[in-house]
Each structure stands twice: as structure tokens, then as C-alpha cells.
Amino acid sequence: MSHSYCPQCGFQNPEAANFCAKCGALLVHEEAGVETTLALTPDEVEEARIDLGELGIKGPALVVRSGGGLAGEVFSAVGERTTIGRSPDCDVFLDDVTVSRRHATLVHDESRFLLQDQGSLNGTFLNRHRIESAELADGDEVQIGKYRLTFLT
């Protein structure tokens, strides 16, 4: 029996299902042979960049691109340390079992930002590479559990 995964919460559903059994989201079934990737020219990428001013955000932020139904959610970096995890006490609250309670920390160190894993079980990824600690640049992709976020300055 084949399965389809919910685009919102990632729950595994039977292929014949039209709605997610966990969150109720509409399941999209693609026809075989449909291209699922998108190629952009450098000019199109530049046009697609998000202006934080348009979103009403001052300073650096993490924007959720996919995972857990939070796509489009924006988290501003607060102070010198921004905590990321499954604990409601974290500055960036990602509510899913794939995220550790205290998963990672975003550290503002003078003029740069560092992403530090806090001993998480599933790891912290920067541009698809597992890291313990790494410097972030504008547009970097961060993956924490099933969440994909983009760092914007």
C-alpha cells in the first residue's frame, strides 16, 4: 500500500485519502510525470527576495518556508540569544516531536549571527549540512526537525 504525506503536518496518509487524518488539510495528489521542481534565473531570485520592511519586521528574522503548518510565519531575532525549540518557553516555538525542547540557539555576536545546535537528537542543518555551530548569511536555509526556515538580514 502506498502513502501520501500531508504538506502541512507531514502525517502519513493512505494514498486514496483526500484529507489528512491528523490535521484535516487537503492532500494534493500529483499526476505521474508532473514536474515538481522550479528553476529560477538569478534575476527572478532577486525579485523573489522578501523585504523585511514590507513585513513590518526590523532586524534579522527566520521565515518558515515549510513544515508543521507554519509556512510564512516570521520570527524576529531577539536580543543576543534567540532560543529555538519545542518548549513553549523558546523564542521560536516549533511544536513537533522532530524538534528537541531546546534544539538550537541563534546568537548575535557583534556584527554576525551564529546558529548553534544545543545537543539536539535530530540535528540542526544549515544549507543541507549538519552543523554544531555555523555563521549565518542572508538567504541561508536552516532545517530544524521537519521545519525549513530561511534566515534574512
Side-chain angles (χ1 to χ4, degrees), residues 1-15 17 19-30 36-40 45 48-153:
M1 175 184 212
S2 62
H3 297 88
S4 62
Y5 293 89
C6 176
Q8 295 298 315
C9 70
F11 186 75
Q12 181 178 348
N13 292 281
E15 186 176 12
F19 295 92
C20 177
K22 184 175 180 184
C23 72
L26 178 65
L27 299 175
V28 179
H29 300 283
E30 296 180 7
T36 59
T37 59
L38 178 64
L40 298 174
V45 170
R49 288 225 183 254
I50 295 174
D51 180 11
L52 292 178
E54 291 175 13
L55 298 174
I57 297 168
K58 294 180 181 178
L62 288 168
V63 179
V64 179
R65 293 297 187 197
S66 66
L70 293 179
E73 186 87 22
V74 179
F75 296 98
S76 295
V78 291
E80 290 181 12
R81 300 179 73 79
T82 302
T83 57
I84 305 166
R86 192 177 76 231
S87 171
D89 297 334
C90 288
D91 301 311
V92 178
F93 175 52
L94 302 175
D95 190 18
D96 188 75
V97 296
T98 60
V99 179
S100 297
R101 285 184 183 89
R102 303 262 185 248
H103 198 102
T105 304
L106 181 62
V107 178
H108 185 203
D109 181 28
E110 296 177 17
S111 63
R112 63 188 185 142
F113 283 88
L114 299 173
L115 181 63
Q116 299 174 339
D117 185 83
Q118 298 298 306
S120 66
L121 182 62
N122 292 326
T124 301
F125 294 81
L126 177 62
N127 298 322
R128 301 181 188 234
H129 298 283
R130 189 170 184 157
I131 56 109
E132 293 298 318
S133 180
E135 186 173 348
L136 291 172
D138 187 48
D140 278 348
E141 178 187 82
V142 175
Q143 183 169 350
I144 295 176
K146 69 179 183 181
Y147 295 89
R148 289 197 179 197
L149 307 101
T150 300
F151 179 74
L152 301 173
T153 54

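Atoms CZ and OG, from R101 and S120 in turn, are 13.5 Å apart once rounded to the nearest 0.5 Å. Note that the CG atom of L26 and the CZ atom of F19 stand 5.5 Å from one another [nearest 0.5 Å]. The structure places CG of L136 at 10.0 Å from OG1 of T153, a figure rounded to the nearest 0.5 Å. The line from SG of C90 to CG of D95 is 11.0 Å long, rounded to the nearest 0.5 Å. Considering NE2 of H103 and OG of S87, their distance stands at 13.5 Å, rounded to 0.5 Å. Expressed to the nearest 0.5 Å, how far CD1 of I131 lies from OG1 of T124 amounts to 5.5 Å.
Closest of all the heavy-atom pairs between V74 and A61 is CG1-CB, 3.9 Å. Nearest heavy-atom pair across F75 and V64 is CE1-CG2, 3.7 Å. When every heavy atom of D140 is checked against every heavy atom of E135, the shortest pair comes out as OD2-O, 4.0 Å. Residues A104 and L115 approach most closely at CB-CD1, 4.1 Å, considering heavy atoms. The minimum heavy-atom distance between H108 and G79, with the atom names listed, is CB-O, 3.9 Å. Across all their heavy atoms, T82 and S76 have their closest contact at CG2-O, 4.4 Å.
Looking at N122, its side chain never comes within 3.5 Å of a backbone N or O of S100 through a donor-acceptor pair. Looking at Q12, its side chain never comes within 3.5 Å of a backbone N or O of P14 through a donor-acceptor pair. Under the 3.5 Å distance criterion, the side-chain polar atoms of N13 are matched with a main-chain donor or acceptor of F11.
Taking the ring pair (Phe, Tyr, Trp, His ring centres under 6.0 Å) definition, one finds that F151 meets it with F113, sequence neighbours left out.
Looking at R102 and D89, their side chains come closer than 4.5 Å, going by heavy atoms from C-beta outward.
Screening residues 117-134 for salt bridge (Lys or Arg N to Asp or Glu O under 4.0 Å) gives R128-E141 as the qualifying pairs, with residues at least two apart or on separate chains.
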For I84 and L62: C-alpha separation, side-chain torsions, deciding distance, then whether side chain to side chain contact (heavy atoms under 4.5 Å, CB included) applies.
CA-CA 10 Å; I84 305 166; L62 288 168; 3.9 Å; yes
